[in-house]
2 protein chains.
Amino acid sequence: MAYTMKDVAKRAGVSVATVSRILNGLSGYSEETKKRVNQVIDEMGYQPNAIARGLISKKTRTLAVLLPEVSDLFASEVLAGVEEEAHEKGYSVIICKTAKNGVRTMKYLQTLRENQVDGIIFMSETLTKEYYEAIRKMGASLVLVSTRSDYDIPYVKVDDRQAAYDATSYLVEKGHRSLGMLSGTEGDLIATVPRVAGFKEALCDHGLPAEEHRIAYGDFGFSSGALAMERLLRRVPDVEAVFCASDEMAVGALSLLHRKGIKVPGEISIIGYDNTRAAEMAFPPLTTMAQPLYQMGKKAVDIVLGHRSAESLLLSHQMVERETVGQR
Amino acid sequence: MAYTMKDVAKRAGVSVATVSRILNGLSGYSEETKKRVNQVIDEMGYQPNAIARGLISKKTRTLAVLLPEVSDLFASEVLAGVEEEAHEKGYSVIICKTAKNGVRTMKYLQTLRENQVDGIIFMSETLTKEYYEAIRKMGASLVLVSTRSDYDIPYVKVDDRQAAYDATSYLVEKGHRSLGMLSGTEGDLIATVPRVAGFKEALCDHGLPAEEHRIAYGDFGFSSGALAMERLLRRVPDVEAVFCASDEMAVGALSLLHRKGIKVPGEISIIGYDNTRAAEMAFPPLTTMAQPLYQMGKKAVDIVLGHRSAESLLLSHQMVERETVGQR
DNA sequence: CCCTGTGACGTAAACGTTTACTTTCGAAAA
DNA sequence: TTTTCGAAAGTAAACGTTTACGTCACAGGG
């Protein structure tokens with residue numbers, strides 16, 4: 001049995017209240033008492049019980065991250081940032097894979113409520129009314145990452161439309177005239193629509209064709225990237241450069257192009273999105289529009305802990321030029 | 001303020017004990033009472049407080065995973081398995097990045113003790129005496145993943161020596177005679193030594209040269225893979241096939257080879273290790289010795305929860321043949 | 001008709017803290 | 001000398017459960 005505060009108190013010849021005060025740095029004891037108590041604590045190897053503390057303080061110093069998939073380059077990079085910042089701030093983080101599954105998400109939300117988590121970081125998915133209500137009721141603070149909602153909830157993300165616009169513009173500045181796009185899940189309001197809009201808008205602004213058939217939809221994943229690239233090639237045989245909605249899709253496209261013997265960037269230029277580790281490991285190394293994933297994770301915990309006033313953050317994207325975009 | 005059991009009890013006209021019994025499926029109440037209480041619970045939207053429960057039961061239904069790096073293909077795949085199985089069993093999992101840093105690890109261990117986690121999954125690192133003692137004192141159960149120790153602690157891993165042996169043998173069966181290896185961190189007792197041993201042993205058994213200069217050391221990472229490959233090429237110019245200690249290193253090697261215009265598998269064959277997502281996304285798709293990462297995660301929680309009797313598990317490795325190994 | 005057993009509860013004591021209220025005591029103020 | 005005040009502590013009531021025990025009524029056996 002681990003020692004409790006009562007044991008420490010008895011051994012030090014004081015009351016539990018005094019021990020508690022010393023542990024919490026409150027006032028109401030002499031320097032001498034403090035020394036003695038701390039010594040006893042060391043001797044006994046006493047460790048406070050956070051559960052008991054949580055029961056009374058109603059704070060658990062625990063955060064939860066809800067994400068669609070744990071083993072995902074995008075998600076795990078953000079997660080790393082969350083873990084780091086939370087650890088610095090003395091919080092624990094528990095992970096919850098939603099699997100884009102409503103009932104699984106709700107079940108997690110219930111567990112989180114029972115466990116009295118202090119804050120929730122909700123990532124990459126649509127916050128339904130059901131989720132929102134559940135979280136509101138449990139009284140945890142909430143922040144959205146890479147998504148947003150109609151409710152007044154702070155979020156941390158990149159300006160997708162602008163980032164897509166910039167990526168596309170970069171391509172035309174490099175002299176490409178026949179552009180294509182490998183997009184994510186068709187109809188996805190959060191991650192697809194704004195990027196497609198940015199892509200089209202950039203083309204329009206540069207007086208370039210932006211027909212719908214220049215966009216091939218996929219699901220952000222590697223294989224869908226290859227498939228989408230193949231479709232795009234059929235529909236736009238003279239395509240010179242393609243903007244991909246994720247690095248994974250870009251790498252899928254790269255793969256297909258390799259297989260077909262089409263040179264990148266010699267014949268076709270490719271630009272990715274996210275700047276996950278897949279980008280640096282690709283061959284050739286993938287030029288991509290970076291999101292500050294790790295930073296997003298860190299900022300998210302700052303916000304959810306209320307250190308940063310509950311304001312949304314639009315983090316800036318950034319081109320990272322590697323070797324898949326050529327000058328034409 | 002959320003409702004408590006007391007509120008429910010009052011509204012249902014029973015005592016808290018009865019409510020508790022009903023919630024926990026114990027006996028000692030009539031069907032009728034049960035119905036009434038459950039109805040009240042639904043009406044009020046009552047949710048039990050796991051903190052209070054934990055205080056008295058000394059069980060928190062929480063697991064912790066300690067791993068060197070969160071955003072790592074290997075780790076996140078295992079983590080995904082852990083999350084899945086834990087969720088099925090009704091446990092939460094909290095993540096702790098050790099960063100191969102002793103003091104950070106100890107700090108985490110202290111937090112975990114304070115938070116009374118039920119079990120710890122310790123991954124990919126050496127369990128020092130200090131860690132071991134700390135965990136023993138806190139009374140959490142423990143399981144090792146992809147590592148082992150001198151203490152009698154259950155582990156889940158693959159037989160690295162055998163897997164390396166098999167991978168190497170596969171290469172010689174394909175007709176290669178001049179082999180090389182890209183190894184992980186030199187001296188790493190857990191992840192390097194056994195693989196190097198398996199590599200050498202296979203070469204010896206096939207009567208092939210196994211000089212030390214055929215092994216180039218790195219750190220399991222992508223760039224170290226490219227670097228190591230370059231060194232190996234200098235030292236063994238006629239190398240025909242190389243066994244890499246991780247997929248990431250293999251992909252790094254692939255990259256270097258591409259850059260040098262050396263064909264894979266035409267001129268040199270490459271085989272990886274782990275079968276992370278990097279392997280499928282590589283070009284050409286990487287042949288690799290798979291570890292059942294996701295399964296390892298799941299088994300680890302089974303063991304740590306004591307469902308599987310506290311026995312170590314040596315999971316079987318498996319060749320996954322893709323396109324980086326040719327016949328000579 | 002009494003005794004015993006059992007089902008259906010209620011009571012209250014834990015669990016290990018925090019914290020609002022005391023209490024005590026010595027020193028400064030009046 | 002008395003009053004006042006603050007520092008240094010102690011007491012005990014929370015926090016929301018679980019659970020050992022106690023109570024009560026009723027049924028069945030003798």
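Not measured: the values here are computed from a predicted model. A note on names: the letters A, B, ... follow the listed sequences, proteins ahead of strands, and every chain is numbered from 1. The analysis underlying the following values was restricted to heavy atoms, covering all of them including side chains, and did not include hydrogens, waters or symmetry mates.
B/L63 is listed as a side-chain neighbour of B/L305, based on a closest heavy-atom distance under 4.5 Å. The shortest distance between side-chain heavy atoms of A/F122 and A/Y131 falls below 4.5 Å.
Distance alone, capped at 3.5 Å, is enough to place a donor-acceptor pair between the B/R61 side chain and the B/K89 backbone. Between the side chain of A/D72 and the backbone N or O of A/F74, at least one donor-acceptor pair lies under 3.5 Å.
A salt bridge links B/R136 with B/E133: the distance from a Lys NZ or Arg NE/NH1/NH2 to an Asp or Glu carboxylate oxygen falls below 4.0 Å.
One end of the helix from C/dC1-D/dG30 to C/dA30-D/dT1 points its axis 60° away from the other end's axis, with each axis taken from 5 pairs and the angle rounded to 10°.
Applying the salt bridge (Lys or Arg N to Asp or Glu O under 4.0 Å) test to every pair with at least one member in residues 5-21 of chain A, sequence neighbours left out, gives these pairs: A/R11-A/E43.
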Please output the side-chain donor-acceptor pairs of residues 49-60 of chain A that fall under 3.5 Å, not counting sequence neighbours, one pair per line with the distance.
from: A/N49; atom 1: OD1; to: A/I51; atom 2: N; distance (Å): 2.7
from: A/N49; atom 1: OD1; to: A/A52; atom 2: N; distance (Å): 3.1
from: A/S57; atom 1: OG; to: A/R53; atom 2: O; distance (Å): 2.9
from: A/S57; atom 1: OG; to: A/K59; atom 2: N; distance (Å): 3.2
from: A/S57; atom 1: OG; to: A/K59; atom 2: O; distance (Å): 3.3
from: A/T60; atom 1: OG1; to: A/Q116; atom 2: O; distance (Å): 2.8
from: A/T60; atom 1: OG1; to: A/D118; atom 2: OD1; distance (Å): 3.4

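For A/N24, the side-chain contact (heavy atoms from CB on, under 4.5 Å) partners at least two apart in sequence or on another chain are A/S20, A/L26.
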Can you name the atoms? Protein N/O to nucleotides 16-20 of chain D N/O, anything below 3.5 Å, with the distance.
from: D/dG16; atom 1: OP1; to: A/K58; atom 2: NZ; distance (Å): 3.1
from: D/dT17; atom 1: OP1; to: B/Y46; atom 2: OH; distance (Å): 2.8
from: D/dT17; atom 1: OP1; to: B/N49; atom 2: N; distance (Å): 3.2
from: D/dT17; atom 1: OP2; to: B/M5; atom 2: N; distance (Å): 2.7
from: D/dT17; atom 1: O5'; to: B/Y46; atom 2: OH; distance (Å): 3.3
from: D/dT18; atom 1: OP1; to: B/N24; atom 2: ND2; distance (Å): 3.4
from: D/dT18; atom 1: OP1; to: B/R53; atom 2: NE; distance (Å): 3.0
from: D/dT18; atom 1: OP2; to: B/S20; atom 2: OG; distance (Å): 2.6
from: D/dT18; atom 1: OP2; to: B/N24; atom 2: ND2; distance (Å): 3.3

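Contact between B/K100 and B/P68 at its shortest, heavy atoms only, is CG-CB, 4.2 Å.
Of the residues in residues 29-45 of chain A, those with a non-hydrogen atom less than 4.0 angstrom from any atom of DNA chain D are A/Y29, A/S30, A/T33.
Other residues, nucleotides and ligands contribute more than 12 heavy atoms inside 6.0 Å of the OH atom of A/Y294.
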